[in-house]
Amino acid sequence: MQAHFYLADEAQQVALGGHLAQTLQEGVIYLEGDLGAGKTTFTRGLIRALGHQGAVKSPTYTLVEPYVFDQQTVYHFDLYRLADPEELEMIGIRDYFDEGSLCLIEWPQKGEGFLPPPDLRLNFSLADQEGRDLQVEALSDLGRKALQQLLQAGNSLN
Ligand SMILES: Nc1ncnc2c1ncn2[C@@H]1O[C@H](COP(=O)(O)OP(=O)(O)O)[C@@H](O)[C@H]1O
Ligand SMILES: [Mg+2]
């Protein structure tokens, strides 16, 4: 199952991330798209919607940033600088996916072979004029359920 969203500005990017926080509490989300496509902005919207009030930055040098909430834990990965996917074994990557957490992974292609398959794949790109295009692919029952709810929420964005 696939769907397309148009996010006219940063506020909409943040808002849709917030909606996803309501529809998916655990699982694996791949965030694809070039530098500047809006992956971290979307993630910030999701994490802020759960109640985090501080900054949300791409953990480019630390690879992963945890956000612990009462009801759930979110791990935000950025694998952009990962030279060798085997490094993921060294940081004990499996443990992050084993505990009912929600994992958001920027640059998942850099970790190929060491990551679980995603429930959702999000691909961001610059739109023709301004804003961002977002293509979402759901790859599990959990992902399809979330995408259906996200479509309903997304209709109220514009
Ligand atoms: N839907 C949008 N429309 C216009 N600008 C956006 C949108 N989403 C994000 N941006 C802007 O794009 C820039 C890069 O976003 P960022 O989330 O850091 O990208 P990435 O993590 O993919 O490298 C930021 O300045 C942000 O404000
Ligand atoms: Mg980023």
Side-chain angles (χ1 to χ4, degrees), residues 2-24 26-69 72-85 87-88 91 93 96-97 101-139 143 146-158:
Q2 292 203 24
H4 170 265
F5 296 84
Y6 172 66
L7 302 163
D9 54 24
E10 176 164 351
Q12 290 196 356
Q13 190 98 356
V14 167
L16 194 68
H19 286 310
L20 187 55
Q22 312 309 323
T23 65
L24 191 66
E26 65 177 281
V28 177
I29 303 174
Y30 286 7
L31 299 164
E32 303 174 349
D34 288 341
L35 278 178
K39 304 180 290 298
T40 302
T41 304
F42 183 90
T43 303
R44 174 159 44 88
L46 187 152
I47 288 169
R48 286 265 179 86
L50 294 172
H52 175 78
Q53 293 182 351
V56 175
K57 295 194 185 122
S58 254
T60 310
Y61 292 95
T62 51
L63 294 182
V64 57
E65 184 70 32
Y67 297 89
V68 180
F69 303 97
Q72 72 182 126
T73 299
V74 177
Y75 294 112
H76 178 204
F77 291 87
D78 182 349
L79 306 184
Y80 183 65
R81 296 206 174 265
L82 193 69
D84 182 343
E87 279 177 47
L88 293 174
I91 66 163
I93 187 93
Y96 291 99
F97 303 119
S101 60
L102 180 64
C103 290
L104 294 139
I105 309 172
E106 297 190 39
W107 298 97
Q109 62 270 44
K110 303 256 183 183
E112 214 183 327
F114 291 83
L115 299 176
D119 296 287
L120 289 176
R121 259 181 68 196
L122 276 57
N123 193 293
F124 298 93
S125 56
L126 268 65
D128 288 343
Q129 300 286 331
E130 54 190 333
R132 303 290 185 266
D133 284 310
L134 168 59
Q135 195 67 36
V136 183
E137 189 180 2
L139 295 153
L147 180 51
Q148 265 151 15
Q149 291 178 27
L150 196 63
L151 276 167
Q152 286 165 10
N155 285 337
S156 62
L157 279 179
N158 298 297

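Every number for a ligand or one of its atoms is a count from 1 in the order of the listing. The chain is numbered in sequence order, starting from 1.
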Requested in this report: Work out the angle at the Mg ion (ligand 2) between OG1 of Thr40 and OG of Ser58, rounded to 10°.
Outcome: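 Angle OG1(Thr40)-the Mg ion (ligand 2)-OG(Ser58): 70°, rounded to 10°.
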Rounded distance (nearest 0.5 Å) linking atom [atom1] of [X] with atom [atom2] of [Y]:
| X | Y | atom1 | atom2 | result |
| --- | --- | --- | --- | --- |
| Thr43 | Glu65 | OG1 | CD | 12.0 Å |
| Ile29 | His76 | CD1 | NE2 | 10.5 Å |
| Lys39 | Leu122 | NZ | CG | 11.5 Å |
| Glu106 | Leu35 | CD | CG | 9.0 Å |

Query - For the Mg ion (ligand 2): the N/O/S atom of Glu106 at shortest distance - result: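 The Glu106 atom nearest to the Mg ion (ligand 2), restricting to N, O or S, is OE1.
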[X] near ligand 1, heavy-atom distance under 4.0 Å?
| X | value |
| --- | --- |
| Gly36 | yes |
| Thr43 | no |
| Glu130 | no |

Would you mind running through ligand 1 and noting each atom that sits below 4.0 Å from a heavy atom of [X]?
| X | result |
| --- | --- |
| Leu35 | 23 (O) |
| Glu106 | 21 (O) |
| Lys39 | 17 (O), 19 (O), 20 (P), 21 (O), 22 (O), 23 (O) |
| Asp34 | 22 (O) |

Query raised in the report: Leu88 and Gly111: which non-hydrogen atoms are nearest, and at how many Å?
Result: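 Taking Leu88 first and Gly111 second, the nearest heavy atoms are CD1-CA, 3.7 Å.
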Query raised in the report: What is the minimum heavy-atom distance between Pro116 and Val28, and which atoms define it?
Result: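 Closest pair (atom of Pro116, atom of Val28, distance): CG-CG2, 3.8 Å.
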Considering only protein heavy atoms, which is closest to [atom], and at what distance to one decimal place?
| atom | value |
| --- | --- |
| atom 24 (C) of ligand 1 | Thr41 OG1, 4.3 Å |
| atom 18 (O) of ligand 1 | Thr40 CB, 4.0 Å |
| atom 19 (O) of ligand 1 | Gly38 N, 3.0 Å |
| atom 25 (O) of ligand 1 | Glu10 OE1, 4.8 Å |
| atom 12 (O) of ligand 1 | Arg132 NH2, 2.9 Å |
| atom 1 (N) of ligand 1 | Gln13 OE1, 2.9 Å |

Query raised in the report: N/O of Asp9 under 3.5 Å from N/O of ligand 1, yes or no?
Result: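 Indeed, backbone or side chain, Asp9 has an N or O that close.
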Requested in this report: Answer yes or no: does an N/O atom from Leu7 fall short of 3.5 Å to an N/O atom of ligand 1?
Outcome: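 Indeed, backbone or side chain, Leu7 has an N or O that close.
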Query raised in the report: Considering residues, nucleotides and ligands other than Tyr80, do more than 12 of their heavy atoms fall under 6.0 Å from its OH?
Result: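 Check fails, neighbour count at 12 or below.
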Report task. Verify whether one side chain among Thr60 and Asp78 offers a donor that lies under 3.5 Å from an acceptor in the other. Result ->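 Side chains of Thr60 and Asp78: pair found under 3.5 Å.
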Query raised in the report: Measuring to protein heavy atoms, does anything land under 4.0 Å from atom 16 (P) of ligand 1?
Result: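 Yes, at least one protein heavy atom sits under 4.0 Å from atom 16 (P) of ligand 1.
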Report task. Check step by step if side chain to side chain donor-acceptor pair (under 3.5 Å) holds for Gln152 and His19. Result -> CA-CA 10 Å; Gln152 286 165 10; His19 286 310; over 6 Å; no
Query raised in the report: Do the non-hydrogen side-chain atoms of Leu115 and Tyr30 ever get within less than 4.5 Å of each other?
Result: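 With C-beta onward as the side chain, the pair touches.
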Query - Pairing of Glu87 and Lys110 as salt bridge, 4.0 angstrom limit - result: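 Not counted as a salt bridge, because no side-chain N and carboxylate O are separated by less than 4.0 Å.
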